[in-house]
2 protein chains.
Amino acid sequence: MAKSIKEIAQELNVSKSTVSLVINHKAERARISKELESRVLAYVEKVGYKPNALAKSLATGRSNTIGLIVENIGDSFFGPFALYVEELFRKKGYHVLYSSTLGDSQNARDIIDSMLEKKVEGIILAPTVDLEAYQRKILEHRVPLVVFDRNSPAVETHYVHIDNDVSAKKACDHLKSIGCQDFGLVTIDSDQPQMLARKGAYLDFCDTYGIEPRILQLPYQELKKKGTHMLKNWAAKQAGLDGLFFTTNYLCILGLKALRPADENHYSFPMLSFDDHELFDILNPKISCIQQPLEPLAKTCVKVLLKEIEQGISAPKEYIISTKLIRR
Amino acid sequence: MAKSIKEIAQELNVSKSTVSLVINHKAERARISKELESRVLAYVEKVGYKPNALAKSLATGRSNTIGLIVENIGDSFFGPFALYVEELFRKKGYHVLYSSTLGDSQNARDIIDSMLEKKVEGIILAPTVDLEAYQRKILEHRVPLVVFDRNSPAVETHYVHIDNDVSAKKACDHLKSIGCQDFGLVTIDSDQPQMLARKGAYLDFCDTYGIEPRILQLPYQELKKKGTHMLKNWAAKQAGLDGLFFTTNYLCILGLKALRPADENHYSFPMLSFDDHELFDILNPKISCIQQPLEPLAKTCVKVLLKEIEQGISAPKEYIISTKLIRR
DNA sequence: GTGAAAGCGCTAACAG
DNA sequence: CTGTTAGCGCTTTCAC
């Protein structure tokens, strides 16, 4: 069905290379006559010939594709992030092959393998835990890698992230400033470094102000099944609790649903979320949050990766994007 | 860096084809000795050899990739939908190449071209308007196509969608049943068939009950810039308006933000949204909606496309998924 | 049982 | 200026 360059050449009575050169805008350099060039171009246009990208990539060694590995493409953080990334790469002539790990390391490894097999020219990765070996593998294949959102401390790669300590500290300070004396932290049970950092900042804060820490760790893998129940039970036992800091927006949403008062218009205490959400500002009460600036985050990842692709792999560097406390 | 099959063969003192046959589990059929087979397998495992997917696809004509084209991967409808699709295809050994059109037909055409060049084995598409010619082009390339969410009526392709008329009618009935006598419709200005169908159902409803229709069409391309302002102005002029039906959830969210009362806890009238949203049930008041069941939608698209891929292109068929009115 | 050889569609020297 | 040629890495047929 689809024509090949060979057929085009035959039908035009020229050689394959002539057609190839014209198509790839190298006619000038090969000093092909303007007239022949436009004849070829016209014919190619007419029959709608499109080169087979697979063959082209195989021959050139360039796939024009980059891989983006996130935790969950359907999530309100990664989805919009992915859109920015896609847009930015599109402008540069690259395509994006996405995949979601769902927090499962085996998934992540499979995804990385197949991306490597597909010869992506670079990878942007939000790693799961235990992915150090595979991050090294990517690097060994000489494929540029940018890690974002969370990092495996042991692996030396470019790393784009926000300042989790400072941000979580800001969150705690804010809760204190609005009168919370005894607020708790709700996080997940995984060892993701960014979650550990947020928890660490909370613990430090408690230490500084002599607050007794109250921490609930929810099981990431069974959040839907058990989260609500666990949170309710836990909260019921926390006498004197006067605020809650959620380390991510989906936890905060879970919290809002679980702790919703039956017939009142307001929750009994302030809640603050890490990561914004499009509806946080119209809830009642409004939900303050630590906002990760998606666009700068995406732009930085793309910029760093493009540089690696174009100029070769360079020494790993860390890029810190600062967050904003949104008071509502 | 990455080894080729040729190197593996040399290092093993066998021929390329032997290695290839073993890797592809065709050792038996080629009557290769068990002993040799396990020797090859062991070596391949040891050095971590992975075949170049590009070369493989070129040789076999199978890319094991399918294309998914949505409007906006960052959106709360398409994002989770994409996740389901990805998961379902992953199980079948396919990868998904996504892209967002952002409602722009030129983007859509570029995306389709490049997917065709990459030799995807099938495409799931949420079309923009004016995409008929390109849908035909896909079919002419003998690439299986499943259209969902919206359809270009003229093109005969497999089409998975919800029943927009019936659903919108349900929505209107519900508003009436809770006492709205004079509710309006807020939609976008594009000619997407599903939007037209929803509007049509509203007009029919008004006709039946002798209600004077009040419709606001917001400019899709400039929603962020002008939407809030336009909606506010429009609503202010609608004397006696006692309810609002939004044809999509992002419009409803815009409405909730635009019409938020300054210092009251409730909106002045009920709002109902087409498409659910994770926070609609904790808003005050809660937002009722027409819920499109994402998982069945995704499952159907995948099932239909897989059948086309495996059994060849068949006569176009329409698959209708029914929606649910969620009263809140 | 195994390996040589042709070919998938394209690019990129290098002759002419 | 144009065409021939030799791959890119893999699959697959067909002699040996």
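By convention in this document, chain letters (A, B, ...) are assigned in the order of the sequence lines, proteins followed by strands, and residues within each chain are numbered from 1.
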Can you find a side chain N or O atom of [X] that sits less than 4.0 Å from OP1 or OP2 on [N]?
X     : N      : answer
A/K6  : C/dC10 : no
B/Y49 : D/dC10 : yes
A/K56 : C/dG9  : no
A/N24 : C/dT11 : yes

Side chain of [X] - closest among [options]:
X     : options                : answer
A/T60 : C/dT2, C/dC10, C/dA12  : C/dA12
A/A59 : D/dC10, C/dC10, D/dT13 : C/dC10
A/S20 : C/dT11, C/dT2, D/dT11  : C/dT11

Rounded to whole Å, please give me the gap between [atom1] in [X] and [atom2] in [N].
X     : N      : atom1 : atom2 : answer
B/K50 : D/dC10 : NZ    : P     : 13 Å
B/L54 : C/dT11 : CG    : C1'   : 14 Å
B/K26 : D/dT11 : NZ    : P     : 8 Å
A/E7  : C/dC8  : CD    : C1'   : 13 Å
B/N13 : C/dG1  : CG    : P     : 19 Å
A/R39 : D/dC1  : CZ    : P     : 15 Å
B/L21 : D/dC10 : CG    : P     : 14 Å

query = Touch check for B/K16, heavy atoms < 4.0 angstrom, all strands: base, sugar-phosphate only, or nothing?
reply = base

inquiry  = Applying a 4.0 Å non-hydrogen cut-off, can you work out what A/L36 is touching in the nucleic acid: base, sugar-phosphate, or nothing?
reply    =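 Sugar-phosphate contact only - A/L36 comes under 4.0 Å of backbone atoms but never of a base.
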
query = Counting only distance, no hydrogens or angles, is the base of D/dT4 paired donor-acceptor with the side chain of A/S17 under 3.5 Å?
reply = yes

key: Sidechain N-carboxylate O distance under 4.0 Å for A/K299, A/E295   = yes

Under-4.0 Å salt bridge between A/K56 and B/E117 =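 Result for this pair is no, no salt bridge flagged.
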
ask   = Of A/T18 and B/A55, whose nearest nucleotide on DNA chain D comes first from the 5' end?
value =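 Result: A/T18.
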
task = Assert yes or no for the condition that the ring centre distance of B/Y319 to B/F148 is strictly below 6.0 Å.
result = no

key: 5' precedence on DNA chain C between B/L58 and B/I32 (nearest-nucleotide basis)   =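 Closer to the 5' end of DNA chain C: B/I32.
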
remark   = Note: for A/P51 and B/S15 on DNA chain C, the residue whose nearest nucleotide lies more 5' is B/S15

ask   = Any idea which heavy atoms bring A/E308 and A/P144 closest together, and the distance?
value = CB-CB, 3.5 Å

ask   = Is the number of heavy atoms from other residues, nucleotides or ligands under 6.0 Å of A/K137 NZ greater than 12?
value =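 Yes - once you tally the heavy atoms of other residues, nucleotides and ligands closer than 6.0 Å, there are more than 12.
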
